[in-house]
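Side chains included, hydrogens not; waters and symmetry mates left out as well; all remaining heavy atoms used. Numbering of residues begins at 1 and proceeds along the displayed sequence. In this text the structure is predicted, and so the values were computed from the model without any measurement.
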Amino acid sequence: REQWAYWAKLYAANELDNQIKSNWNKLEQFQLNNGSFPWFEGGQANPSITNYIVLQLGLLHESTSTPEPEWAKVAEKALGYLAVQEKARTETKTNVTDSQIKDRLQYWYTRLVWAKTFPLKAEEKQAAQAVQTLAAKNWVQASLFEKGVLAQVAHRLGNKPLAEQI
């Protein structure tokens, strides 16, 4: 009986490892040449899903004692795509909408999660702080999720008073 239990655990561990490798291969294949990810295979680049995937990879990367080097490779390519999207948002000369602030805040949260692996340049840190300041003006009216993202950005930028206030 013990031997059966041992073989069952070994099989389950092997099956899990195979499943992880298979899913990782699918994710790598989904990434488009510009670094983005589509919602569905063969689809167009989507900044929201790209940001979500890179954020989740970053959080996994942070929480693992031995992160996989492939994660950083995929993230670096995707962060490049997201940086282009963020630059396009900042070059818009119109008034900034709440939706744009949310998108920008999401980008900076993801970017800050990867800051240990890919350090921010001085101008990037200033841009992140500017978005944090913009979002902090109306944080009381923000949704609970948005408050959480803002608190994370503030914390990662070293703005402990704002993070604690939220």
side-chain contact (heavy atoms from CB on, under 4.5 Å) with Gln31: which residues, sequence neighbours excluded? Phe37, Val74, Lys77, Ala78

What pairs of donor and acceptor atoms, side-chain ones from residues 120-140 against any protein atom, are under 3.5 angstrom apart with sequence neighbours left out?
residue	atom	partner	partner atom	Å
Glu124	OE1	Lys121	N	2.7
Thr133	OG1	Gln129	O	2.9

If you count heavy atoms of other groups shown closer than 6.0 angstrom to [atom1] of [X], is the number above 12?
| X | atom1 | value |
| --- | --- | --- |
| His61 | NE2 | yes |
| Gln44 | CD | no |
| Asn33 | CG | no |
| Trp24 | CH2 | yes |

Minimum heavy-atom distance between [X] and [Y], given as atom pair plus value:
| X | Y | result |
| --- | --- | --- |
| Gly58 | Val113 | C-CG1, 3.4 Å |
| Tyr81 | Ala45 | OH-CB, 3.7 Å |
| Thr64 | Leu60 | OG1-O, 2.7 Å |

Any non-hydrogen side-chain atom of [X] less than 4.5 Å from a side-chain atom of [Y]?
| X | Y | answer |
| --- | --- | --- |
| Trp108 | Arg156 | no |
| Tyr109 | Asn51 | no |
| Asn159 | Val153 | no |
| Asn23 | Lys26 | yes |

The residue among Val54, Leu59, Leu57 that forms side chain to side chain contact (heavy atoms under 4.5 Å, CB included) with Thr110 is Val54

Consider side chain to side chain contact (heavy atoms under 4.5 Å, CB included). Of Val149, Leu82, Ile101, which one does Gln106 pass it with? Val149

salt_bridge(Lys73, Glu70) N-O dist < 4.0 Å: no

